[in-house]
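Letters A, B, ... are given to chains in the order of the sequence lines, protein chains preceding strands, and every chain is numbered from 1.
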There are 4 protein chains.
Amino acid sequence: MTKDNLLDAIIEQTKTSKKPTEKQQKIAETAIKMFADKGYANTSTSEIAKAAGVAEGTIFRHYGTKDNLLLSVIIPFLKEALPGMAGKVFKEVLTEDTVHFEDFLRRIIKNRMEFILENQEIFRIIVKELLYSEELRKEFLPYFSTNVMRRVAHAIELFKSRGEIKDLPTDALLKMLMITFGGFLVTNFVLSPSHNTLDIEQETENLVRFVMDGIRN
Amino acid sequence: MTKDNLLDAIIEQTKTSKKPTEKQQKIAETAIKMFADKGYANTSTSEIAKAAGVAEGTIFRHYGTKDNLLLSVIIPFLKEALPGMAGKVFKEVLTEDTVHFEDFLRRIIKNRMEFILENQEIFRIIVKELLYSEELRKEFLPYFSTNVMRRVAHAIELFKSRGEIKDLPTDALLKMLMITFGGFLVTNFVLSPSHNTLDIEQETENLVRFVMDGIRN
Amino acid sequence: MTKDNLLDAIIEQTKTSKKPTEKQQKIAETAIKMFADKGYANTSTSEIAKAAGVAEGTIFRHYGTKDNLLLSVIIPFLKEALPGMAGKVFKEVLTEDTVHFEDFLRRIIKNRMEFILENQEIFRIIVKELLYSEELRKEFLPYFSTNVMRRVAHAIELFKSRGEIKDLPTDALLKMLMITFGGFLVTNFVLSPSHNTLDIEQETENLVRFVMDGIRN
Amino acid sequence: MTKDNLLDAIIEQTKTSKKPTEKQQKIAETAIKMFADKGYANTSTSEIAKAAGVAEGTIFRHYGTKDNLLLSVIIPFLKEALPGMAGKVFKEVLTEDTVHFEDFLRRIIKNRMEFILENQEIFRIIVKELLYSEELRKEFLPYFSTNVMRRVAHAIELFKSRGEIKDLPTDALLKMLMITFGGFLVTNFVLSPSHNTLDIEQETENLVRFVMDGIRN
DNA sequence: TATGAATGAGAATTCATTCAT
DNA sequence: CATGAATGAATTCTCATTCAT
């Protein structure tokens, strides 16, 4: 129970902007780097402690559990990443009917890419652990489904009704969009090592055109 | 050296069809299931032994190392999966100039999906470990690059010259194809739990049309 | 690297007199006794832990490796045993030309016997492992050769030039001295169980006379 | 019980010259080499089996136990080595009163050195294991004491009475002789790697002179 | 709050030994 | 006689977690 309380406390901390200790900060930063690099299972708390210049006990004083440390790092990201998408971009689109789907897509892709570019390491952790841990998957995917997929589905239907995109089942369209964007993100941020030299502008453009018109001449 | 010899012996075994013991068989099967499920790092040899109804020592008598057990399971798959693609489908296409790119795509996708459907669990292991282990990635990706990507690139150029697909840089086209097909496979076989009720015919069709023409109306 | 660091840390500890934990102390003591008794290979870390009243993990927290534990026990002894010989006794002899070889011999033998009497167990460990482990032998013997043998050879030559000992090849004389003193130490401290009732005075005298004049009437 | 019977059977076999199987022979030879090289504790039966070109089970079929294999190799050597000394040389000396102690010593040393030169590996095994295993030591040393030491003591007394050697306590003389010869053998056959290029004639001469007259000029 | 020594439950691996064929 | 697959106890080592200071 202490563990859950601790986690809650940390989540709370994020919201209420109660300052985390300097050490706590350092632990989180270090953990992120190491988890992203070697994966959660292959990173020991003692390594983290050493790299963070902190006693091993300190990690547990703050996070209670290694699992908790992982979640403490992941959750704030998700809390921002998923809704973050909605807040700004979606609302505009739902109202403005001058915006074309292509522009909508372009905006979202660029927006999320920039966000992930700034949080590459956490993104890598999430992708890796999502694939690795059935448990995490079971917790995350439904959440993702309701928070993201539904919104996108909604948008798709809107644009379908406007006649901008093909009149295929929303499910099928949604799936293609998610696969393409997901594959794109994973390829660029997890598989390929060229994290810095990424021309977002160009990559976005290629992706949008591909999604809109395919490759047929 | 014993370790490598053991691995070589196992690879050899695959080729020469020297019968593996009943227990050895059971160990491999069980390991595949468990690795696919929980990931390599989260599966202990003692769990595998218990689940396979075998003494833990027996695993090591046959595979020498846990790593080895993983490789023994992965390598035969890769040996078949990667070249398997080339042999049949590619050659036909390079000669027949009646085949359209769409058909080429359809054939390859269906063919590989069927193969992976039959080897779902190993595919899941490979995807997971590829993302998880830098080491595996460094060994596998270049191999994949030379064996698969180059062939596909070749095909793309062929069809570009025939005017069937857009005259974009081969790299860009290749990337989109790989992302889409990869994302598709991962979504269907790794992320989603509905492994059995997959309508290959229909899924393939959706994918091909999406890749060819995008979603614009 | 952690392993070596740990070993270095322990060596360091010896010099800088940074207090080892009480448990660490106990582990070392217990290990010395057991290694001396049953040999390194026949003593398991779990036995040591049990005998030391410590959790097995504690051994590894402090010493990292079983090998390391052995070295941590041996090295400080060697660091003192080998140079220890030289510092005091040798220097005097090289200057004073009143000292006879017989006295020189007597002093060294007595001095080293007393030292070993106080460190019997470590001496037993070293002798056993030296014979048992090719590896240790290869590391230690050359070191012994340069640090001890050379000095003794030097002294032998000095006394030969003074006409006190036979004009035989230094090598041959050296070999006889080493064999006799070595055999003497091993017999008294390793083979025979009467470790306590040893009359150093008398034994030294016998040995010196034997070496000087042999057994002929 | 089967184990002991097996050991007895093997001892018996040696005497009654019942042919050991070809495989059995190979196992013994290989074991001798490997025990001499790496020590008993560091040599696994599976290694022996592999090196001997034999199935692991075969070792146990013949020797029942790894311990047994060791003994089967050691005992025949001891049975010959220890009494072997007595039979020829001692008897002559006890009768002939023309023989000087120096010649007696020379003969024994040369005789035993030749024997050990031919059985180097077993000698190395015995020395190593004698130091390593309290158990072996407790069995062997008393046996050695009654069979060898007593005879030598007897001879010493004889020569003392003839006035050829110093009138010191037999114990003390005996000890010096054993230490010197033992140290000599261990140095030449166990510690030093130059097993082949040993000038027995010369080494014997050096040793005898040293023992007789010491190093004083 | 922070420390770091101590823990003990497992983890991978080794190996002598057994036994059915 | 010989084989070699199978065993399971023992071994070294790792690591998240606790707790006294």
Quiz prompt | Residue pairs fulfilling ring-ring contact (aromatic ring centres under 6.0 Å, His included) with at least one residue in residues 22-57 of chain A, sequence neighbours excluded | solution = A:F35-A:Y40
Practice problem: For the pair A:L136 and A:I74, evaluate side chain to side chain contact (heavy atoms under 4.5 Å, CB included) and give the outcome as yes or no after the intermediate values. | Solution: CA-CA 11 Å; A:L136 215 62; A:I74 283 181; 4.3 Å; yes
Quiz item: If pairs are Watson-Crick or G-U with both distances under 3.5 Å, what is the dot-bracket string of DNA chain E, marking crossing pairs with [ ] and pairs to another strand with |?
Solution: .||||||||||||||||||||
Quiz prompt | Rounded distance in Å - CG (C:D67) to P (F:dT12) | solution = 10 Å
Self-check item: By side chain to side chain contact (heavy atoms under 4.5 Å, CB included) - contacts of D:F140 (at least two apart)
Solution: D:L78, D:L82, D:L130, D:F144
Practice problem: Quick one: list whatever passes salt bridge (Lys or Arg N to Asp or Glu O under 4.0 Å) with C:K38, sequence neighbours left out. | Solution: C:E47
Quiz prompt | Length of the line joining C:Y63:OH and E:dA5:P, which is rounded to integer Å | solution = 12 Å
Self-check item: Those residues that, when tested against A:K138, pass salt bridge (Lys or Arg N to Asp or Glu O under 4.0 Å) (two or more places apart)
Solution: A:E134
Quiz item: Residues two or more places apart in sequence or in another chain: which of them pass ring pair (Phe, Tyr, Trp, His ring centres under 6.0 Å) with A:F77?
Solution: A:F115
Quiz item: Just how far, in rounded Å, is P of F:dA2 from CD of D:Q24?
Solution: 8 Å
Quiz item: Tell me: CG of B:N68 to C1' of E:dT13, nearest whole Å?
Solution: 13 Å
Quiz item: Would one find more than 12 heavy atoms of other residues, nucleotides or ligands at under 6.0 Å from atom CD of A:E139?
Solution: no
Just the table, please: protein N/O against nucleotides 7-9 of chain F N/O, every pair under 3.5 Å.
{"from": "F:dT7", "atom 1": "OP1", "to": "B:K23", "atom 2": "NZ", "distance (Å)": "3.2"}
{"from": "F:dT7", "atom 1": "OP2", "to": "B:A55", "atom 2": "N", "distance (Å)": "3.1"}
{"from": "F:dT7", "atom 1": "OP2", "to": "B:T58", "atom 2": "OG1", "distance (Å)": "2.7"}

Practice problem: Go through the structure and list residues passing ring pair (Phe, Tyr, Trp, His ring centres under 6.0 Å) with A:Y132, not counting sequence neighbours. | Solution: B:Y132
Practice problem: Choose from E:dC15, E:dT17, F:dT17 the nucleotide whose nearest atom is closest to any side-chain atom of A:F60. | Solution: F:dT17
Quiz item: In whole angstroms, how far is the P atom of E:dA16 from the CG atom of D:N42?
Solution: 11 Å
Quiz item: Rounded to the nearest Å, what distance is computed from the NE2 atom of residue C:H62 to the P atom of nucleotide F:dC13?
Solution: 16 Å
Sequence neighbours excluded and cut-off under 3.5 Å, please list the side-chain donor-acceptor pairs for residues 49-59 of chain C, or say none.
{"from": "C:E56", "atom 1": "OE2", "to": "C:T45", "atom 2": "OG1", "distance (Å)": "2.7"}
{"from": "C:E56", "atom 1": "OE2", "to": "C:S46", "atom 2": "N", "distance (Å)": "3.4"}
{"from": "C:T58", "atom 1": "OG1", "to": "C:A55", "atom 2": "O", "distance (Å)": "3.3"}

Quiz item: How do A:S46 and D:E22 order along DNA chain F: which one's closest nucleotide is nearer the 5' end?
Solution: D:E22
Exercise. Might you work through the side chain to side chain contact (heavy atoms under 4.5 Å, CB included) test for A:T30 and A:M34, ending with a clear yes or no?
Key: CA-CA 6 Å; A:T30 311; A:M34 301 188 81; 3.9 Å; yes
Self-check item: From CA spacing to verdict: side chain to side chain contact (heavy atoms under 4.5 Å, CB included), C:V190, C:I125
Solution: CA-CA 9 Å; C:V190 185; C:I125 294 174; over 6 Å; no
Quiz item: Which parts of residues 26-41 of chain B get close to DNA chain F, meaning a heavy atom less than 4.0 angstrom away?
Solution: none
Practice problem: For D:D67, enumerate each residue passing the salt bridge (Lys or Arg N to Asp or Glu O under 4.0 Å) test, keeping only those at least two apart in sequence or located in another chain. | Solution: none
Quiz item: Taking atom P of F:dT12 as reference, at what distance in whole Å does atom NZ of C:K50 sit?
Solution: 12 Å
Self-check item: Which nucleotide in E:dA16, E:dA5, E:dA11 has an atom nearest any side-chain atom of C:T21
Solution: E:dA5
Practice problem: Round to a whole Å and report the spacing from CD of B:Q25 to P of F:dA6. | Solution: 12 Å
Quiz item: For A:T45, which contact category applies under a 4.0 Å heavy-atom criterion: base, sugar-phosphate, or nothing?
Solution: base
